[in-house]
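A short write-up of the structure that comes next.
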Amino acid sequence: GVGKTTLVEIISSNTRSSLIKMNAVLSSIKELRNQIANAKERLLRANRKTILFIDEVHRFTSAQQDALLPSIENGTITFIGATTENPFFVVNKALISRARIFALLPLNKDDLKKIIEKVIQYYSSLKESKIIEISEEAINHLIKFSGGDARNLINALEIGISITRE
């Protein structure tokens, strides 16, 4: 909800790299190795780099994390991992030593207010638009409820919009 995937997509687009997105909870080491093999072939065949984005990388086993190392070192992939945990405690040291760590912070109140305005503007511009009135108290409640997470904010606001008449 703070834009991790969007940021990776922007990086991929601006570097003209292929983007492979994986979730560590759902991916096996076999799938990881297949993706790395595809990246290697893509690099050799089309001279196109691959960004391998692994969400929840802390959920990979040590063996899965180790499987990334040779491909990172030889340039087959550019690895981007995301974790909600402290990477220094949950990602193996070999992988950390080959990485640059960026901390993405929860969105602030002003950012979240802008998102509320955009959602309201979107629903107001639809063919079957809705007139949306929201109190300052409700806005503050949504912001507090979201915990700085845009996805939580948007989902809660859309539920509210969907259950109201008009």
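- Between Leu142 and Ile134, the closest side-chain pair of non-hydrogen atoms falls below 4.5 Å.
- To the nearest 0.5 angstrom, Thr83 atom OG1 is 9.0 Å from Lys4 atom NZ.
- Here the CG-NZ distance, from Leu52 to Lys21, works out to 12.5 Å after rounding to the nearest 0.5 Å.
- With hydrogens and angles disregarded, no donor-acceptor distance shorter than 3.5 Å links the side chain of Gln35 to the backbone of Leu32.
- In this view, Ser135 and Glu137, Ala138 satisfy the side-chain contact (heavy atoms from CB on, under 4.5 Å) rule, not counting sequence neighbours.
- For the residue pair Pro106 and Gly147, the shortest heavy atom distance occurs at CB-O, 3.9 Å.
- There is no side-chain donor-acceptor pair under 3.5 Å between Glu31 and Ser28.
- Here the straight-line distance linking atom CD1 of Ile77 with atom OG of Ser17 works out to 12.0 Å at 0.5 Å rounding.
- Interatomic distance, Leu157 CG to Ile139 CD1, rounded to the nearest 0.5 Å: 9.0 Å.
- Summarising the geometry of Leu19 relative to Ser12, their closest heavy-atom pair is CB-OG, 3.4 Å, with the distance given to 0.1 Å.
- Shortest non-hydrogen contact noted between Ile115 and Ala150 is CD1-CB, 3.6 Å.
- Under the 3.5 Å distance criterion, with hydrogens and angles disregarded, a donor-acceptor pair is assigned to the side chains of Asn140 and Lys109.
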Let me check something: any side-chain donor-acceptor pairs from residues 86-98 under 3.5 Å, sequence neighbours excluded? List them with distances.
from	atom 1	to	atom 2	distance (Å)
Asn86	OD1	Phe88	N	3.0
Asn92	OD1	Ala94	N	3.3
Asn92	OD1	Leu95	N	2.9
Asn92	ND2	Asp66	OD1	2.9
Ser97	OG	Ala94	O	2.8
Arg98	NE	Glu73	OE2	2.6
Arg98	NH1	Ala94	O	2.6
Arg98	NH2	Glu73	OE2	2.4

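- For the atom pair CG of Leu153 and CD of Glu158, the computed distance is 9.5 Å after rounding to the nearest 0.5 Å.
- Here the CD1 atom belonging to Ile131 is positioned 12.5 Å from the CD1 atom belonging to Ile120, to the nearest 0.5 angstrom.
- Test Leu69, Ile51, Val57 against Phe79 for side-chain contact (heavy atoms from CB on, under 4.5 Å) and you get one pass: Val57.
- Within 6.0 Å of atom CG in Asn108, more than 12 heavy atoms from other residues, nucleotides or ligands are found, so the atom counts as buried in its surroundings.
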